[in-house]
There are 2 protein chains.
Amino acid sequence: MSNRYASAAAHPGPGAPKTARGARTRARVLKAAESTFGAMGYHRAGISDITREAGVAQGTFYNYFAGKEEILRELVRDMGHQVRARLAAEVVGARDRLEAEEKGLRAFLEYLHENPYLYRVLQEAQFVDESIYREYYEAFGRGYLRMLADATRKGEIRSGNNEVRVWALMGMSNFLGLRYALWEGDVPFDDVVATISDLFRHGLAIDGQERKP
Amino acid sequence: MSNRYASAAAHPGPGAPKTARGARTRARVLKAAESTFGAMGYHRAGISDITREAGVAQGTFYNYFAGKEEILRELVRDMGHQVRARLAAEVVGARDRLEAEEKGLRAFLEYLHENPYLYRVLQEAQFVDESIYREYYEAFGRGYLRMLADATRKGEIRSGNNEVRVWALMGMSNFLGLRYALWEGDVPFDDVVATISDLFRHGLAIDGQERKP
DNA sequence: ATCAAACGTGACTGAGGTGTCATATTCAGT
DNA sequence: ACTGAATATGACACCTCAGTCACGTTTGAT
């Protein structure tokens, strides 16, 4: 597909577009919503900001979306697909789970750096409608969990509560992304990835010490 | 102190209170803001919701705070002190860094479970004024970094980029807290802590394997 | 007891922004 | 070319809410 927003036409709004022109317009509005929400934030952004950015009249907005909240929902879904597809693509060819984690973390940092709006839109969505946000991370987590389970079966990683691990890993990526991909680029992604890779390979402890030696 | 909001009187508003009554009122408004923001969210909450909750008139609000944003700032500062104090207290007596991490994570999960408003207020603050949010995590991170540096010096943990580690650890706690302390209690904190402890002691890899054996 | 400063009140207003609607234009099938 | 459906328009009605203000009440120092 030539336009990453085109698939959105599949989700019915107050009236799903029925002509090519309609689909184009809807896509333009959705794209404008991404940059407007991303730049101004969901609450500061008005519908008129979105439609101005899209180059359409205010009324047009309501031909395709029930309101501000619905377009946000649409956007989060769309962005979720994007990230997952990107990460999945970057991770193929990894020889084991640990290498996949490295590649995945680096890809995530790069993606966030290129698409800084993702973070803002997603995190703000959390307080507009929690279910959008949960849906995103639960979808993400399900895929992640499958991979960890595979790796456990193959003996690539220690056995343990993989669900808890998934949430820990997502949290790590999230904060590292915020700090090093969005806020300040004072540490190269390679260093970040190397540090986390070391954590995965050896833990924090000196040589796997136990509490009671 | 008998009232956890009393210290807030130290921060000057449009007019810092000059009588005991004024200090009490200001504290009541700040407390009401916490529960109102926590329950309704920053944007949905109106000043009138806060003052109603506090049992004062709308005008009273502006005797102590310049506006909605300023009271949020105050609140985040106050809450930051609370958490750090609590975690510091829970962690004393740990025999090494790894034990401290365990105690700290458990304490954080418990704190979040008892004070669910912290999460919401803090995360929403991020999009109202990013500097409030950065200030919180940077303060938190500075303390954390000191402890990791100490632990490195004592030979309790592997050497590595402790700053990156700090952000990774904060991210983990944040997401684990959201998932297991706020959303669903389907996994006991003990299991969460044990899983993360295992990660710190041994990593994810089977027995510290290297990529090229 | 007195008084000036501090505090408390709540109705009001003005800005900002969502969603509507009557009307105009474009599309696509015949 | 013709025509009904789909789409686009933008002015406007309506509402929410932050912040103000003039006036009444309480405090605490002398």
Side-chain angles (χ1 to χ4, degrees), chain A residues 5-6 8-9 11-33 36-37 39-75 124 128-129, chain B residues 5-6 8-33 36-37 39-75 124 127-129:
Chain A
Y5 293 89
H11 300 286
K18 302 188 175 167
T19 68
R21 180 173 58 136
R24 271 196 309 275
T25 304
R26 187 187 195 278
R28 275 171 52 217
V29 173
L30 194 58
K31 185 162 122 192
T36 307
F37 286 159
M40 313 179 58
Y42 176 81
H43 287 97
R44 280 192 247 283
I47 301 297
S48 60
D49 295 308
I50 297 174
T51 53
R52 194 180 323 114
E53 172 80 19
V56 300
Q58 282 211 42
T60 302
F61 179 93
Y62 296 93
N63 285 340
Y64 302 105
F65 302 98
K68 218 177 162 186
E69 229 179 277
E70 200 205 278
I71 201 174
L72 180 66
R73 224 182 303 276
E74 211 62 63
L75 210 44
E124 277 195 290
V128 175
D129 178 352
Chain B
Y5 292 89
H11 300 287
K18 301 190 176 166
T19 67
R21 179 173 60 137
R24 272 196 309 274
T25 304
R26 187 187 194 279
R28 275 171 51 215
V29 173
L30 193 58
K31 186 162 123 194
T36 307
F37 286 159
M40 312 178 58
Y42 176 81
H43 288 97
R44 280 193 247 283
I47 301 298
S48 60
D49 295 307
I50 297 174
T51 52
R52 194 181 323 114
E53 173 80 19
V56 300
Q58 281 210 42
T60 302
F61 179 94
Y62 296 94
N63 285 340
Y64 301 106
F65 303 98
K68 218 176 161 184
E69 232 180 273
E70 201 206 275
I71 200 174
L72 179 67
R73 225 182 303 275
E74 212 62 62
L75 210 44
E124 276 196 291
F127 303 107
V128 176
D129 178 353

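Just so we're clear, the structure is a prediction, and the values are computed from it rather than from any experiment. Heavy atoms only: backbone and side chains are in, while hydrogens, waters and symmetry mates are out. Chain A is the first sequence line, chain B the second, and so forth, proteins listed ahead of strands; every chain is numbered from 1.
B/Tyr42 places none of its side-chain heavy atoms less than 4.5 Å from the side chain of A/His43. Looking at B/Ile71 and B/Tyr64, their side chains never come closer than 4.5 Å, going by heavy atoms from C-beta outward.
In the set D/dA8, D/dT20, D/dT27, the nucleotide with an atom closest to the side chain of B/Tyr62 is D/dT20. Distance from the side chain of B/Lys68 is smallest to D/dA18 among C/dC7, D/dT9, D/dA18.
Comment: A/Glu74 engages A/Arg26 in a salt bridge, judged by a side-chain N to carboxylate O separation of less than 4.0 angstrom.
Toward the 5' end of DNA chain C, the nearer of the two residues A/Gly59 and A/Arg44, judged by each one's closest nucleotide, is A/Arg44. Position along DNA chain D of the nearest nucleotide to B/Thr19 versus B/Ser48 favours B/Ser48 as the more 5'-ward residue. Position along DNA chain C of the nearest nucleotide to B/Lys18 versus B/Gln58 favours B/Lys18 as the more 5'-ward residue.
Taking atom CZ of B/Phe61 as the reference point, atom P of C/dG10 lies 17 Å away to the nearest angstrom. Following rounding to the nearest Å, B/Asn63 (CG) and D/dT20 (C1') show an atom-to-atom distance of 12 Å. The CD1-C1' distance, from A/Ile50 to C/dT18, rounds to 12 Å in whole Å. Put simply, NE2 on A/His43 is 14 Å from C1' on D/dT16, counting in whole angstrom units. In this structure, CE of A/Met40 is placed 12 Å from C1' of C/dG16, rounded to the nearest angstrom. Computed from coordinates, the A/Arg26 CZ to D/dA6 C1' distance equals 16 Å when rounded to whole Å. Look at CZ on A/Phe65: it is 18 Å from C1' on C/dT20, rounded to the nearest Å. D/dC17 atom P lies 13 Å from atom OH of B/Tyr42, rounded to whole Å.
Here B/Gly46 lies in heavy-atom contact (under 4.0 Å) with sugar-phosphate atoms only. At the heavy-atom level, A/Ala54 lies nowhere under 4.0 Å from the strands shown.
Listed for the A/Thr60 side chain is no donor-acceptor partner under 3.5 Å among the backbone atoms of A/Val56. Of the possible polar contacts, one joining the A/Lys68 side chain to the A/Ala45 backbone as a donor-acceptor pair under 3.5 Å is found.
The phosphate of C/dC7 has neither OP1 nor OP2 within less than 4.0 Å of any side-chain N or O from B/Thr60.
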